[in-house]
There are 2 protein chains.
Amino acid sequence: MTPTPDLLFRTLADPTRRAIFERLCREGEQTVGALTARSGVSQPAVSKHLGALKQAGLVRDRHEGRQTHYSAQPGALNPLIDWTGQMAGFWQKRLDALDDLLKRMDQ
Amino acid sequence: MTPTPDLLFRTLADPTRRAIFERLCREGEQTVGALTARSGVSQPAVSKHLGALKQAGLVRDRHEGRQTHYSAQPGALNPLIDWTGQMAGFWQKRLDALDDLLKRMDQ
DNA sequence: TCTATCCATAACCTCCCGGTTATGGATTTT
DNA sequence: AAAATCCATAACCGGGAGGTTATGGATAGA
């Protein structure tokens, strides 16, 4: 079984935090300062968001002198993909059953 | 462009609410009473969650006498799927660029 | 008709979360 | 050595979200 996507959903629910993650996905590794510059919130806020993202396994950090570089951790989205796939699967399954039923009633 | 998955993430972030949605996906249409029975929270709480799910387009309701039947609305997850796909795509793109660069340096 | 059931809404409470400012340790620059 | 920069943590605050109980409208059953 794939790990529960609970933490993932909670972490990505906040727009500011998700925006940070998106930027890391689009543009690759960034320092805290660079991320803060266009985030619209204070540097401590960004640091907190990065901490949350890290705890959810969505980002990695790399220390270099006095600055910290963050980068997106791609595979971390897999549980999300699996979950949506499952939900779609359940739906499809019930659709098939209905289809089958109708086919039997038809003949 | 696909609609922003913001509302989707926020709506699915709550475990109780997501559990209700999962049950509707697995087992199909359910009345509020049936959902309340195994939800662990009060009936008004369930009604509120269903309201949120409905507003996010994740469920449909069907009134029949004094009871209301809810069912999952499958296509609603598409923006989520698109979003995860985009993120994975960005990552892949940068990987390709890196690969290309290395190849050039090599020769 | 009278009662019981189903569900939605209102009113309220609590707690968590995202924001802020303040601070300090580590490192770079002058 | 002194000053400045980068970032993380602490402390605090306000608002929102999820929970509850209370209530009422609509429908089904007696």
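Order of the sequence lines fixes the chain letters, A, B, ..., with proteins taken first and strands second; residue numbering starts at 1 for each chain. Values below: all heavy atoms of this structure, side chains included; hydrogens, waters and symmetry mates excluded.
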With sequence neighbours excluded, residues passing side-chain hydrogen bond (donor to acceptor under 3.5 Å, both in side chains) with [X]:
X: Arg18(A); value: Asp6(B)
X: Gln73(A); value: none
X: Trp91(B); value: none
X: Gln67(A); value: none

Length of the [atom1]-[atom2] vector between [X] and [N], whole Å:
X: Leu50(B); N: dT9(C); atom1: CG; atom2: C1'; result: 14 Å
X: Gln55(A); N: dC17(C); atom1: CD; atom2: P; result: 11 Å
X: His63(A); N: dA8(D); atom1: NE2; atom2: P; result: 7 Å
X: Leu12(A); N: dC17(C); atom1: CG; atom2: C1'; result: 16 Å
X: Arg62(B); N: dA8(C); atom1: CZ; atom2: P; result: 14 Å
X: Arg18(A); N: dC17(C); atom1: CZ; atom2: P; result: 17 Å
X: Leu53(A); N: dC17(C); atom1: CG; atom2: P; result: 15 Å

* To do: Would you indicate whether the side-chain heavy atoms of Leu80(A) and Leu77(A) approach each other to under 4.5 Å?
  =>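 They are in contact (side-chain heavy atoms under 4.5 Å apart), so the answer is yes.
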
* Any side-chain heavy-atom pair of Leu8(B) and Thr11(B) under 4.5 Å ->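 SC-SC contact between Leu8(B) and Thr11(B) ruled out.
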
* Asked: Does Ala76(A) have any side chain to side chain contact (heavy atoms under 4.5 Å, CB included) partners at least two apart in sequence or in another chain, and if so, which?
  ->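 Only Leu58(A) meet the side chain to side chain contact (heavy atoms under 4.5 Å, CB included) criterion with Ala76(A).
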
* Under the side chain to side chain contact (heavy atoms under 4.5 Å, CB included) test, residues paired with Arg66(B) that sit two or more places apart ->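 Counting only residues at least two positions away or on another chain, Arg66(B) forms no side chain to side chain contact (heavy atoms under 4.5 Å, CB included).
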
* Proximity to DNA chain C (any heavy atom under 4.0 Å), residues of residues 26-37 of chain A only ->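 Within residues 26-37 of chain A, no residue comes under 4.0 Å of DNA chain C.
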
* To do: Using the ring pair (Phe, Tyr, Trp, His ring centres under 6.0 Å) rule, collect all pairs that involve residues 53-83 of chain A, keeping only residues at least two apart or in two chains.
  =>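 For residues 53-83 of chain A: Phe9(A)-Trp83(A).
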
Look for any protein N or O under 3.5 Å of an N or O in nucleotides 27-30 of chain C and output each such pair with its distance, or none.
| residue | atom | partner | partner atom | Å |
| --- | --- | --- | --- | --- |
| dT27(C) | O2 | Arg66(A) | NH1 | 3.4 |

* Please list, chain by chain and in numerical order, all residues satisfying ring pair (Phe, Tyr, Trp, His ring centres under 6.0 Å) with Phe21(A), sequence neighbours excluded. =>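 Counting only residues at least two positions away or on another chain, Phe21(A) forms no ring pair (Phe, Tyr, Trp, His ring centres under 6.0 Å).
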
* Can a side chain N or O of Thr68(A) be found less than 4.0 Å away from OP1 or OP2 on dA8(D)? ->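 For Thr68(A), the contact criterion (side-chain N or O under 4.0 Å from OP1 or OP2 of dA8(D)) is met.
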
* Asked: Phosphate oxygens OP1/OP2 of dC6(D): is one of them under 4.0 Å from a side-chain N or O of Tyr70(A)?
  ->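 No.
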
* **Contact list for residues 29-43 of chain B, test salt bridge (charged side-chain N to carboxylate O under 4.0 Å, His left out), sequence neighbours left out** =>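 Found Glu29(B)-Arg62(B).
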
Dump every N/O contact between nucleotides 15-20 of chain D and the protein below 3.5 Å, one line per pair.
| residue | atom | partner | partner atom | Å |
| --- | --- | --- | --- | --- |
| dG18(D) | OP1 | Arg17(B) | NH2 | 3.0 |
| dG18(D) | OP2 | Arg17(B) | NH1 | 3.3 |
| dG19(D) | OP1 | Thr16(B) | OG1 | 3.1 |
| dG19(D) | OP2 | His49(B) | NE2 | 2.3 |
| dG19(D) | N7 | Lys48(B) | NZ | 3.4 |
| dG19(D) | O6 | Lys48(B) | NZ | 2.6 |
| dT20(D) | OP2 | Ser42(B) | N | 2.9 |
| dT20(D) | OP2 | Ser42(B) | OG | 2.7 |

